[in-house]
Amino acid sequence: MIDLYTAATPNGHKVSIVLEELDMPYTVHALSFDQKEQKAPEFLKINPNGRIPAIVDRANGDFAVFESGAILIYLAELSGQLLPNDPKGRSVAIQWLMFQMGGIGPMQGQANVFFRYFPEKLQGAIDRYQHETRRLYEVLDTRLESVEFLADAYSIADIATYPWVRGHEWSGVPVDGLPALQRWMAAMAQRPAVQRGLLVPQRVDDASVIKGAQAMLIR
Ligand SMILES: N[C@@H](CCC(=O)N[C@@H](CS)C(=O)NCC(=O)O)C(=O)O
């Protein structure tokens, strides 16, 4: 059984989507950012960075994993799915996973900060992060012109990327003129496990919607 510590954010959704795709049983611990639960000493023992997502593998000596990309690799390796076995195929999937972790996540995250949350309107910072995110989307679009999914077969690279790209409007980054990216987004949105994963965490009384999850609040 996997314990998932999460919140309704793109990085959290990556992990719930993978768990749903793999049909792995898991328990959801919804952390409240308002209550700063992600900074609580008990949680810092699981993720020293004080952020979500994190997992604890109860079937494997209470092994804790933080950083969403590392969690995705761990779950893929545990199950033998969503990550190719041959060195080249595996490398391609990990390259696109790293592209998300090192590029789209940080850039789009900062676009959100300066476009949505920062008290001052710093147009230079807004432009910088929105333009850089758009540039990264163009790289994805070019890639997806020649392959159905980022690493040819559906993989953790797609699952890492989709929860971010689907939030492009909130980040103020258009996807106009990127037809291959839009085709891929539509395909991702159709997947039942993606749809279920995007509902995590949710209220306990809605838990019947979730297949693998035993929804529960940490408090
Ligand atoms: N690189 C980390 C980023 C984690 C991250 O930034 N999580 C955000 C939510 S998406 C968070 O926990 N924010 C709360 C905080 O910073 O206190 C990962 O991919 O796991």
Side-chain angles (χ1 to χ4, degrees), residues 2-22 24 26-57 63-78 82-83 93-119 125 129-130 132-133 136-137 140 150-151 155-173 188 194 197-202 213 217-219:
I2 300 288
D3 275 3
L4 167 62
Y5 296 82
T6 194
T9 75
N11 288 322
H13 286 148
K14 293 174 192 177
V15 181
S16 43
I17 291 172
V18 167
L19 288 163
E20 291 291 332
E21 289 284 7
L22 296 174
M24 266 185 191
Y26 63 105
T27 301
V28 178
H29 301 266
L31 299 200
S32 161
F33 290 169
D34 287 345
Q35 304 289 320
K36 294 259 177 282
E37 286 176 340
Q38 76 278 23
K39 311 296 182 199
E42 276 310 299
F43 183 66
L44 293 179
K45 289 181 196 156
I46 296 169
N47 182 352
N49 195 29
R51 292 190 162 196
I52 65 90
I55 62 165
V56 176
D57 186 352
F63 184 63
V65 191
F66 73 102
E67 282 296 322
S68 57
I71 297 170
L72 266 45
I73 292 172
Y74 179 74
L75 294 173
E77 290 187 335
L78 210 57
L82 298 174
L83 187 59
I94 289 178
Q95 287 169 52
W96 288 104
L97 177 69
M98 295 295 167
F99 178 81
Q100 186 286 311
M101 290 295 294
I104 291 176
M107 292 303 122
Q108 193 169 339
Q110 292 304 312
N112 289 345
V113 167
F114 287 107
F115 187 50
R116 292 286 177 188
Y117 309 122
F118 208 65
Y129 291 116
Q130 287 181 337
E132 181 61 3
T133 305
L136 296 168
Y137 285 4
L140 289 178
L150 290 170
S155 76
I156 54 173
D158 302 291
I159 296 171
T161 307
Y162 178 66
W164 281 97
V165 178
R166 73 187 276 271
H168 69 91
E169 269 182 30
W170 174 253
S171 310
V173 181
M188 293 296 292
V194 170
L198 291 172
L199 295 174
V200 177
Q202 59 164 16
L217 299 176
I218 197 169
R219 287 174 301 136

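The first residue in the sequence is number 1, and the count goes up from there. Ligands are counted one by one from 1 in listed order, and the atoms in each one are counted from 1 as well. No experiment lies behind these values; they were computed from the predicted model shown.
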### Task
For side-chain contact (heavy atoms from CB on, under 4.5 Å), just list the numbers for L75 and I55, CA-CA rounded to whole Å, side-chain angles, deciding distance to a tenth of an Å, and then say yes or no.
CA-CA 10 Å; L75 294 173; I55 62 165; 4.0 Å; yes
### Message
What verdict does the side-chain contact (heavy atoms from CB on, under 4.5 Å) test give for Y162 and V194, after you've listed the backbone C-alpha separation in whole Å, the side-chain angles of each residue and the deciding distance to 0.1 Å?
### Response
CA-CA 9 Å; Y162 178 66; V194 170; 3.7 Å; yes
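Note: Y137 and H168 have perpendicular aromatic rings, judged against thresholds of 30 and 60 degrees for the angle between ring planes. F99 and W96 have perpendicular rings, their planes meeting at more than 60° on a 0 to 90° scale where under 30° would count as parallel. Between Y5 and H29, the ring planes lie parallel to each other; the angle is under 30°, not in the 30° to 60° tilted range.
Ranking protein heavy atoms by distance to atom 16 (O) of ligand 1, first place goes to R51 NE, 2.9 Å. When hydrogens are left out, the protein atom nearest atom 11 (C) of ligand 1 is F33 CZ, 3.7 Å; that is the closest non-hydrogen contact. Here the heavy atom of the protein found nearest to atom 1 (N) of ligand 1 is E67 OE1, 2.8 Å. Looking only at protein heavy atoms, the nearest one to atom 3 (C) of ligand 1 is N11 ND2, 3.6 Å. Atom 20 (O) of ligand 1 has as its closest protein heavy atom S68 N, 2.8 Å. Of the protein's heavy atoms, T9 OG1, 3.1 Å lies nearest to atom 10 (S) of ligand 1.
The ligand atoms of ligand 1 that sit less than 4.0 angstrom from a heavy atom of P53 are 20 (O).
Between K14 and ligand 1, a contact under 3.5 Å exists for no N or O pair.
Residue K39 places a heavy atom less than 4.0 Å from ligand 1.
Contacts between Q38 and ligand 1, counted as non-hydrogen atom pairs separated by less than 4.0 Å, involve the side chain only. Residue I52 touches ligand 1 through backbone and side chain together, judged by heavy-atom distances below 4.0 Å. Neither the backbone nor the side chain of F66 has any atom closer than 4.0 Å to an atom of ligand 1 (non-hydrogen atoms only).
Side-chain contact between D57 and Y74 is present, with at least one heavy-atom pair separated by less than 4.5 Å.
At a cut-off of 3.5 Å, with distance as the only test, a side-chain donor of Y26 or E20 sits close to an acceptor on the other residue.
Counting non-hydrogen atoms of neighbouring residues, nucleotides and ligands closer than 6.0 angstrom, the NZ atom of K39 exceeds 12 such neighbours.
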